[in-house]
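First comes the structure, then the notes that go with it.
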Amino acid sequence: MISKVLTAAIQGIEAFPVTVETLIDRGCGFQIVGLPDTSVRESHQRIISAIRESGFEPPRMNTVINLAPADIKKEGAAFDLPMAIGCLTAGPQIQVPDLQSVMMMGELALDGTILPVRGALPVAVMARKMGIKKLIVPIDNVTEAAVVNRLEVYGASTLREVAEFLSGAATLEPTVIDTRALFAASAGQFDFDFSEVKGQEGVKRAFEVACAGGHNLLMVGPPGAGKSMLAKRIPSILPPLSMAEALETTKIHSVAGKLSKGSMLMTSRPFRTPHHTVSPVALVGGGASPMPGEISLAHNGVLFLDEFPEFPRTVLEVMRQPIEDRVITVSRAKYTVDYPASFMLVASMNPCPCGYYGHPTKRCTCLPGAVAKYMSRISGPLLDRIDLQIEIQPVAFDELASRTPAEPSEAIRARVMRARQIQQERYKDEPGIHCNAQMNSRLLHKYAWPDDEGLARLKERMERLSMSARAFDRILRVARTIADLAGSPTIQSSHLAEAINYRNLDRESYGQLH
């Protein structure tokens with residue numbers, strides 16, 4: 001007798017259906033076919049032990065399990081549960097009247113316990129698209145999968161529990177989650193707030209501009225100036241995730257196995273801080289078993305790179321394409337997968353190897369030419385993709401000792417959201433464009449081109465400060481965002497002047513005075 005059980009596999013961040021076909025016939029043996037990897041082939045002993053410990057008889061005749069489609073590699077232990085149910089229904093030890101309306105996934109322990117797996121959310125999304133009525137997942141994954149509406153999601157703890165539920169001998173209650181209530185309950189909850197930051201008003205203004213336009217940002221300052229402290233508070237002023245963004249972000253973290261036990265929909269934007277020893281594969285994704293990298297885990301959020309020049313040159317250069325395209329394509333001999341990578345890059349660095357070039361009170365001890373050499377660790381093409389480059393100085397004692405509360409993140413966030421709403425309306429007919437940082441040359445001429453007087457002043461300032469030509473487009477993009485924050489339909493001279501002040505590293509004189 002042949003039994004067919006529905007399950008799924010993960011490719012990239014999407015799931016595709018897999019049918020577990022089980023045949024029990026004369027002879028002896030146990031075979032798993034359909035391009036299984038090592039973890040799937042090793043499931044034989046887990047399945048036999050789990051069936052026995054659950055009070056059923058393991059198959060004693062020749063058993064062949066085919067994972068269809070057979071031309072796509074199957075990885076992971078999530079096929080354990082459907083293969084065990086296939087053995088029981090092909091026996092047949094249990095009778096299931098409508099097995100094709102149920103999809104299931106889960107890893108089995110030797111005692112029949114169902115262990116959590118990766119990718120429950122994308123499987124649930126796919127099951128709903130296919131019209132599947134019921135989805136059975138490990139109990140630790142049930143809240144993650146249950147955020148998908150119009151699908152009955154059941155959490156199970158043991159193989160015995162699943163077998164009795166399918167045969168009608170026991171009942172399981174579907175898990176229901178109100179995603180709107182979840183969003184409302186978690187809105188505005190952040191671990192860090194800008195009200196805790198004393199001084200640094202100019203830097204906070206730059207952060208507001210960066211978040212309002214989706215611009216990448218680089219901070220240059222001595223140790224102890226507050227670069228990391230400020231960066232950690234960026235998510236508190238970014239616009240809240242939409243439902244579509246939250247679902248996509250949670251799918252990526254689900255596939256990567258980054259969701260904690262009992263996790264549901266991610267309601268705050270991710271903030272990823274990889275160490276400077278990260279490898280190129282860990283940053284962009286891929287590997288023998290393809291997994292999302294740090295830039296994809298930061299999708300719809302912030303990627304913070306502290307000690308920017310300390311990252312290997314090869315690691316930094318792989319970010320150039322995803323920063324522009326907002327997607328990373330990982331191509332290997334055996335697979336090609338696309339991972340979304342629409343993130344806001346925030347980086348910080350010291351101004352020189354000793355850290356005190358330009359410090360108001362401490363003397364720089366670096367050798368002549370050391371500052372320029374240190375800055376050259378970051379390539380021009382990568383620096384070209386960072387719209388705001390700001391210098392940070394230590395906070396004065398009087399500001400640190402002040403008891404006057406600083407402006408809270410809530411107030412800054414309100415202004416950022418108003419500016420983003422203006423941009424959404426502006427680019428509603430421009431596919432793939434959502435904020436000012438994504439404008440191309442055509443859109444710059446259409447929405448961010450200053451008048452003749454503004455162009456003349458921009459030329460004068462750029463020549464006087466010896467700015468490079470690559471700063472031109474970046475200044476216009478940032479000026480457009482500053483105008484949006486001010487509610488101005490046109491770019492004014494004051495907006496251009498502020499945007500120019502955010503291009504500190506484009507000045508040819510930077511680092512030459514040492």
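A quick note: this is a predicted structure, and the numbers were derived from the prediction, not measured.
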Any donor-acceptor pair under 3.5 Å linking the side chain of [X] with the backbone of [Y]?
X: Gln321; Y: Val327; value: yes
X: Arg128; Y: Ala124; value: no
X: Thr63; Y: Pro59; value: no
X: Ser296; Y: Pro340; value: yes
X: Gln423; Y: Ala212; value: yes
X: Thr250; Y: Ala246; value: yes
X: His445; Y: Ser441; value: yes
X: Arg480; Y: Tyr447; value: yes
X: Arg385; Y: Pro381; value: yes
X: His253; Y: Lys258; value: no

State, yes or no, whether a side-chain contact exists between [X] and [Y] at a heavy-atom distance under 4.5 Å.
X: Phe207; Y: Ile237; value: yes
X: Cys28; Y: Asn62; value: no
X: Leu67; Y: Ile65; value: yes
X: Val148; Y: Leu121; value: yes
X: Ile136; Y: Met103; value: no
X: Thr89; Y: Thr22; value: no
X: Leu238; Y: Val416; value: no
X: Pro174; Y: Val153; value: no

Do you know which two heavy atoms are closest between [X] and [Y], and how far apart they sit?
X: Leu297; Y: Ala256; value: CD2-CB, 3.8 Å
X: Lys227; Y: Met349; value: CE-O, 3.7 Å
X: Leu316; Y: Phe308; value: CD2-CE1, 3.5 Å
X: Ala9; Y: Phe79; value: CB-CZ, 3.8 Å
X: Leu444; Y: Met439; value: CD2-CE, 3.8 Å
X: Ser3; Y: Leu99; value: OG-CD2, 4.0 Å

First locate atom [atom1] of [X], then atom [atom2] of [Y], and finally report the distance between them rounded to the nearest 0.5 Å.
X: His215; Y: Leu388; atom1: NE2; atom2: CG; answer: 6.5 Å
X: Leu265; Y: Met243; atom1: CG; atom2: CE; answer: 6.0 Å
X: Met83; Y: Leu108; atom1: CE; atom2: CG; answer: 8.5 Å
X: Lys74; Y: Asp37; atom1: NZ; atom2: CG; answer: 10.0 Å
X: Gln421; Y: Asp484; atom1: CD; atom2: CG; answer: 11.5 Å
X: Ser167; Y: Ile85; atom1: OG; atom2: CD1; answer: 9.0 Å

Pairing donors with acceptors under 3.5 angstrom, does anything connect the side chains of [X] and [Y]?
X: Glu75; Y: Ser39; value: no
X: Thr249; Y: Asn300; value: yes
X: Ser101; Y: Asp98; value: yes
X: Arg41; Y: Thr38; value: yes
X: Asn436; Y: Arg426; value: yes

| field | Chi angles and distances behind the salt bridge (Lys or Arg N to Asp or Glu O under 4.0 Å) call for Arg413, Glu410 | value | CA-CA 5 Å; Arg413 192 186 203 193; Glu410 184 180 2; over 6 Å; no
| said: Below 30° counts as parallel, above 60° as perpendicular, anything between as tilted: where do the rings of His44 and Phe30 land? | reply: parallel
| message | Other residues, nucleotides and ligands only: do more than 12 of their heavy atoms fall within 6.0 Å of CD on Gln100? | response |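 Buried by this count: over 12 neighbours within 6.0 Å.
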What I want to find out is whether [X] reaches [Y] closely enough, with some N-O distance under 4.0 Å, to be called a salt bridge.
X: Arg160; Y: Glu164; answer: yes
X: Arg477; Y: Asp387; answer: no
X: Glu248; Y: Lys251; answer: no
X: Lys133; Y: Glu152; answer: no
X: Glu317; Y: Arg320; answer: yes
X: Glu57; Y: Arg52; answer: no

| field | side-chain hydrogen bond (donor to acceptor under 3.5 Å, both in side chains) partners for Ser254, two or more places apart | value |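 With neighbours one apart ignored, the set is Glu144.
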| task | Before giving the answer on side chain to side chain contact (heavy atoms under 4.5 Å, CB included), spell out for Leu443 and Glu430 the whole-Å C-alpha distance, their side-chain angles and the decisive distance to 0.1 Å. | result | CA-CA 9 Å; Leu443 295 178; Glu430 303 288 346; 3.6 Å; yes
| message | Before you tell me yes or no, could you show the steps for Asp193 and Ser236 under side-chain hydrogen bond (donor to acceptor under 3.5 Å, both in side chains), namely the whole-Å CA-CA distance, both residues' side-chain angles and the distance that decides it to 0.1 Å? | response | CA-CA 6 Å; Asp193 195 279; Ser236 67; 5.3 Å; no
| task | Determine, stepwise, if the pair Phe343 / Ile323 fulfils side chain to side chain contact (heavy atoms under 4.5 Å, CB included). | result | CA-CA 8 Å; Phe343 58 91; Ile323 287 176; 3.8 Å; yes
| task | Please report the C-alpha distance between Val478 and Val209 in whole Å, then the side-chain angles of each, then the deciding distance to 0.1 Å, and finally whether the side chain to side chain contact (heavy atoms under 4.5 Å, CB included) criterion is met. | result | CA-CA 7 Å; Val478 174; Val209 173; 3.8 Å; yes
| task | Using the side chain to side chain contact (heavy atoms under 4.5 Å, CB included) rule, take Leu283 and Met319 through it: C-alpha gap first, then chi angles, then the decisive distance, then the call. | result | CA-CA 8 Å; Leu283 188 68; Met319 291 195 303; 3.6 Å; yes
